[in-house]
Amino acid sequence: MEEFLKQAQQVGIINESYNYIIGNLDFHSFDLEEYKYSEANITSFRMFSPEQPNMQNLLNSIDYTDVEEIFRNGSCPITMEMALTFDAVQLFAETLKHHSLRAIGVSCSKNNDNVLEDGSSFRNYMRSMDIQNKTLTGRIFFDGYVRKGYTFDVIELQPSGIVKVGSWNQNDGFSAQRLAPTKSQFDNVDNLLADKTFTILLSVSNKPYASVVESHQMLEGNNRYEGYGVDLIKELADKLGFNYTFMNGGNDYGTFDKNTNKSTGMLKDIIEGTADLIVTDLTITSERQEAVDFSTPFMSLGIAILYVKPQKSKPALFSFMDPFSKEVWWFLGLTYLGVSLSFFILGRLSPTEWDNPFPCVEEPTELENQFTIGNSLWFTTGALLQQGSEIAPKAWSTRLVASIWWFFTLIIVSSYTANLAAFLTIEKPTSLIDNVQDLANNKGGVTYGAKRSGSTRNFFLTSKDPLYKKMNDFMTNNPDLLTDSNENGVELVKKGVKYAFLMESTSIEYNTMRECGLRKLGDALDEKVYGIAMRKKWPYADKLNQAILELQEQGALAKLKNKWWNEVGAGLCSSKEEPPDASALNMENLKGVYLVLVVGSTLAIIYGVTSWLIYVISKARVYHLPIKDAFIEEFRIVTDLQTYTRELKSSASVYSVSKSSSLSSAVSSQALQTRRKLKT
Ligand code: GLU
């Protein structure tokens, strides 16, 4: 039933022309918020009255956390099934008071045929009971096997919620309890307007303000039209008591040229006296105000852009780059080079990385360093791509950099993979234009227009803003892009021919709730209001303004807007959440891991340089050399980027060669010998 009501509303058959009798006895428990103002006559029944003391006691004993929400609009959360179950238990309990029941053991096994022998006599006794005081659904007694004595509440859905309008029981039949209006709705009527009839102009192909009622019947007179404007006049007429005749004024609301003193469109009809009021999406403008008077505004709005929703774009050729921002890719490249360089430098600095190139040769004449420029780059590449390389760092400093780099690549590669998955599953929608600047520049070849004779077009015609002037020139040079009505504009946008329509925000709101492929783009360009136009010095203007203000204060205008925008024919576009947006990871997301890398590499370099200095000093001590000489010799070897080998003289010759040329070789040779000793 709830689904039925929802769909009936979507196809626009929940309105004042329809009467519904709902047979579902749980109608009172539905959420009826959306139908309250529909003016449809919706009647239903319920088997109990929530105001009855037993029900009140029961409701009070239930601990509802949000009572207000549950009992919203007079609805009641107790369903018929609950009430009948409650009563069945009451009847059983009452019967037990008069007829004892011998309890027998009950087993859950399948073959359990333990049947109470006196069950049927208990049941018969139960059928002879007549109880009333403790039940929710009224008196309970039986006629044969049929329960009797129930009463139905006749309920109606009204703007205030569910209201009991009568009751029915078998004995007395239907009795109406509708409260007779204590005060006639015309009590407030000002006699001045009470017997007047006004001709009111509508623009009848202009939803939701006015449109022709779609009906299989031949409708006549005012019944032919429906919409916000129609309802607004009905409300005002109820308050002021006047009569009215609607007339279709077409799509041209009209302009006034004070130079020629000529007016056009509906405005002309008012000035000439062929009509009394214009009720539509008529913007109050200074130019129109010179020719006619306007009532107090009943709606506020601004010009905005109606455009198609972003379309899914084809994946780009280099979309694999998307998971990281440009900045991250640049930093990654620089880090890669920086880390390779650290390997190269630390490799040369640490004595442990100078090793015997031919392990089979027991007495090598030279030592080799594996961290050449090429090998350093290769090792870093291998780790970055989660692969290995033959190179294995041996010194603590190079090992520390390697560990930090492995950790860094692990995080980077995992982040890349995770974000790539998001990018592959989400086709990011793209839009050719995003704001009014893009539109003014015809970005992506998007053209635009507005209603030819409306206040929107006039806004651009009179604007001093360079951007809007530019847009005005474009529209003046392309008159075929202007439309006769908002409806035609919407159709053009829907066709998807790279066309945007400048339209008032209220109409955009209405259309985007029904045309799921459309959306409002950017903020409103201006602020303005709609009003009812009338002849200058119209004698009833004050009364009309007063009534509009009262409707505003009573919330009636908001209700009307809600009805025509959010209820009638709305709800077609699923409010499904927009798919999550996948965005490229930037440095902000990865700065932690970069920090770890920088700190780790710095520590490794400090360690590498310190151990190198210690090595140079100890070398100078062992050979009783000036530290400076030892330092110069080692520095030369380290900075000689051409060679990756250092000569190693035989231990005998170590002491005979000149100290400056063979210093390092001697120490390396000694280191080698020490290592060999350790091995054996
Ligand atoms: N509200 C406008 C008017 O009064 C019509 C619609 C428009 O120009 O966008 O003329």
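Quantities reported herein were computed from a predicted structural model and do not represent experimental measurements. Whatever order the structure lists them in is the order used to number ligands and atoms, beginning at 1. Positions are given from 1 along the sequence.
- The distance criterion of under 3.5 Å between nitrogen or oxygen atoms is not met by Arg457 with respect to ligand 1.
- Side chains of Tyr209 and Thr506: a donor-acceptor N/O pair is present below 3.5 angstrom, by distance only.
- Nearest protein heavy-atom neighbour of atom 10 (O) of ligand 1: Arg288 NH2, 2.8 Å.
- At least one N/O-N/O distance between Glu504 and ligand 1 falls below 3.5 Å.
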Derivation of the side chain to side chain contact (heavy atoms under 4.5 Å, CB included) call for Phe45 and Ile21: CA-CA 9 Å; Phe45 310 92; Ile21 295 180; 3.8 Å; yes
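- Nearest protein neighbour of atom 5 (C) of ligand 1, counting heavy atoms only, is Tyr253 CE1, 3.7 Å.
- What sits closest to atom 7 (C) of ligand 1 on the protein, heavy atoms only, is Thr456 OG1, 3.1 Å.
- Scanning the protein heavy atoms around atom 2 (C) of ligand 1, the nearest turns out to be Ser455 OG, 3.2 Å.
- Note on ring orientation: taking the six-membered ring where Trp is involved, the planes of Trp538 and Tyr540 are perpendicular (angle over 60°, cut-offs 30° and 60°).
- Taking a cut-off of under 4.0 Å to the non-hydrogen atoms of Gly454, the atoms of ligand 1 that pass are 8 (O), 10 (O).
- Salt-bridge annotation for Arg46 and Asp153: present, with a side-chain N of the basic residue lying under 4.0 Å from a carboxylate O of the acidic one.
- Note: Tyr530 and Phe298 have tilted aromatic rings, judged against thresholds of 30 and 60 degrees for the angle between ring planes.
- Against a heavy-atom cut-off of under 4.0 Å, Asp281 is close to the following atoms of ligand 1: 1 (N), 2 (C), 3 (C), 4 (O).
- Using cut-offs of 30° and 60° on the angle between ring planes, the pair Tyr468 and Phe459 is tilted.
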